[in-house]
Colleague: 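Take this structure first; my questions come after.
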Amino acid sequence: MGRNNHSYTDEQLIDYSEVKKNICQNMRIARKLANIKVKDAAPALGIEPESLKRIEAPSSNIGPSLEVLSGAIELYEKDPNFYWKNWKENEKLLDTEKEEN
């Protein structure tokens with residue numbers, strides 16, 4: 001079997017850094033909506049609090065493992081589609097929650 005020599009155009013390439021940032025920011029938003037602190041969420045996800053802080057940081061270059069992401073989906077009780085939505089739209093939910101309280 002030969003190697004796949006298919007080349008992609010710029011339009012076909014996905015900027016995974018933006019996808020990763022979107023998922024990470026949505027993890028932060030979901031955690032806050034669930035009213036769970038980093039120090040409580042991290043052990044439940046099997047990571048250290050500092051690791052969760054790095055994942056959730058807006059300038060982060062790292063993303064969650066599949067295990068951590070699936071754990072967050074379960075722990076924060078958000079539909080998996082929530083994590084794929086635009087994080088800036090989801091962040092508006094935090095403002096709405098503040099207004100209600």
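Since the structure is predicted, the reported quantities are computational estimates derived from the model, not experimental observations.
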Colleague: Can you name the nearest heavy-atom pair linking C24 to P64, along with the distance?
Modeller: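 Of all heavy-atom pairs spanning C24 and P64, the closest is SG-CD, 3.6 Å.
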
Colleague: What do you reckon, is CD of E91 surrounded by more than 12 foreign heavy atoms closer than 6.0 Å?
Modeller: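 Enclosed.
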
Colleague: For a side chain to side chain contact (heavy atoms under 4.5 Å, CB included) check, start with the C-alpha distance between I47 and I55, then their side-chain angles and the critical distance, and finish with the verdict.
Modeller: CA-CA 11 Å; I47 58 176; I55 290 169; 4.1 Å; yes

Colleague: Calculate, to the nearest 0.5 Å, the distance between atoms CD and OG belonging to Q25 and S60 respectively.
Modeller: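 Going from CD on Q25 over to OG on S60, the span is 8.5 Å.
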
Colleague: Quick one: CG on N26 to CG on N81, what's the gap to the nearest 0.5 Å?
Modeller: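 Those atoms lie 11.0 Å apart.
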
Colleague: Without swapping roles, check the side chain of K20 against the backbone of N61 for a donor-acceptor pair under 3.5 Å.
Modeller: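 At least one qualifying donor-acceptor pair exists.
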
Colleague: Salt bridge check, K53 against E56: does any charged N sit closer than 4.0 Å to a carboxylate O?
Modeller: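 Answer for the salt bridge query: no.
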
Colleague: Using side-chain heavy atoms (C-beta onward) and a distance below 4.5 Å, is L93 in contact with F82?
Modeller: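 Side chain of L93 against side chain of F82, heavy atoms only: contact under 4.5 Å found.
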
Colleague: With I73, which residues qualify under side-chain contact (heavy atoms from CB on, under 4.5 Å), at least two apart?
Modeller: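 Checked I73 against side-chain contact (heavy atoms from CB on, under 4.5 Å); matches are L69, P80, Y83.
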
Colleague: Taking all non-hydrogen atoms of both residues, which atom of A72 and which atom of M27 are closest, and how far apart?
Modeller: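 Reported closest heavy-atom pair: CB-CE, 4.0 Å.
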
Colleague: Are W87 and Y16 connected in a single hydrophobic cluster, I mean Ile/Leu/Val/Met/Phe/Trp/Tyr linked by side-chain heavy atoms less than 4.5 Å apart?
Modeller: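 Yes, Y16 connects to W87 through the hydrophobic network.
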
Colleague: Under 4.5 Å between any side-chain heavy atoms of K78 and I29, yes or no?
Modeller: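 No - every pair of side-chain heavy atoms lies 4.5 Å or more apart.
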
Colleague: Should W84 and D79 count as side-chain neighbours, where that means a heavy-atom distance under 4.5 Å?
Modeller: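 Side-chain contact under 4.5 Å: no.
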
Colleague: Under a 4.5 Å cut-off applied to non-hydrogen side-chain atoms, are I36 and Y76 in contact?
Modeller: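 SC-SC contact between I36 and Y76 confirmed.
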
Colleague: Can you check side chain to side chain contact (heavy atoms under 4.5 Å, CB included) on L94 and R28, steps first, answer last?
Modeller: CA-CA 11 Å; L94 291 174; R28 176 184 59 81; 4.2 Å; yes

Colleague: Going through the checks in order, is the side chain to side chain contact (heavy atoms under 4.5 Å, CB included) test met by R31 and L52?
Modeller: CA-CA 11 Å; R31 179 182 56 74; L52 183 55; 4.2 Å; yes

